[in-house]
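To start, the structure itself, in structure tokens.
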Amino acid sequence: MKTYEKIYNLVKKIPKGQVSTYGQIGQLLNINPRVVGWALNRLAKYQSKSNGIPWQRVINSKGGISTNRLMNIPLGLQKKLLEREGIRFNKDEKTDLSKYLWGKKQKI
DNA sequence: ATGTTGACGCATG
DNA sequence: CCATGCGCCAACA
């Protein structure tokens, strides 16, 4: 099984309303976070069609969006998709990872 | 086989 | 806050 397949399988498990990070995915699979980014980038490159993989739920360790500088992906798309799932962004365009990170318990 | 490419993360200035 | 630098490594060409 290819590494990127493992990554896709894991990303599929991120629950709606929560997010993960490149680092967290990498840690769980014992691979470098860079490879996680590479694998997700591959989706946009080689699979123009929708694929059922919730790629938008993977963000960077700062709680921010990393796709905005890419030509492949429309500006602001990832944020829009996440907001649609209930993720809120502060004025610095960051999410509260202590709240939304996959595996953390929700505060009341 | 060899060089290049990143949706990273962390440390440092 | 911004800018580099570097370790990292699968897949691609």
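In what follows, chains are A, B, ... by sequence order, proteins preceding strands, each numbered from 1.
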Exercise for review: Please report, rounded to the nearest Å, how far the C1' atom of B:dC8 is from the CD atom of A:Q24.
Suggested key: 14 Å
Exercise for review: Ignoring backbone atoms, establish whether A:T21 has a side-chain N or O less than 4.0 Å from OP1 or OP2 of B:dC8.
Suggested key: no
**Study point:** Distance below 4.0 Å between A:S61 side-chain N/O and B:dG9 OP1 or OP2
**Key:** yes
**Study point:** Nucleic acid contacts - residues 30-39 of chain A versus DNA chain C, non-hydrogen atoms under 4.0 Å
**Key:** A:N32, A:R34, A:V35, A:W38
**Study point:** Gap between atoms CZ and P, on A:R42 and B:dT5 respectively (whole Å)
**Key:** 19 Å
Review point. What is the 5' to 3' range of DNA chain C, first to last nucleotide, that sits under 4.0 Å from any heavy atom of chain A?
Key: C:dG7 to C:dA13
**Study point:** Residues forming a side chain to side chain donor-acceptor pair (under 3.5 Å) with A:E93, sequence neighbours excluded
**Key:** A:K79
Revision key, fill the gap. When rounded to whole Å, the CD to P distance for the pair A:Q27 and B:dG9 reads 11 Å
Check your understanding: Where along residues 76-86 of chain A does a heavy atom fall under 4.0 Å from DNA chain B?
Key -> none
Practice item. Just jot down the side chain to side chain donor-acceptor pair (under 3.5 Å) partners of A:N60, sequence neighbours excluded, or say none. Key: A:S66
Exercise for review: Give every residue pair that meets the ring pair (Phe, Tyr, Trp, His ring centres under 6.0 Å) criterion with at least one member in residues 2-23 of chain A, sequence neighbours excluded.
Suggested key: A:Y4-A:Y8
Point to revise | Atom pair CZ (A:R42) and CD1 (A:I7), whose distance is rounded to the nearest 0.5 Å | key: 10.0 Å
Exercise for review: Say whether A:Q18 and A:E85, considering side chains only, have a donor N or O and an acceptor N or O under 3.5 Å apart.
Suggested key: no
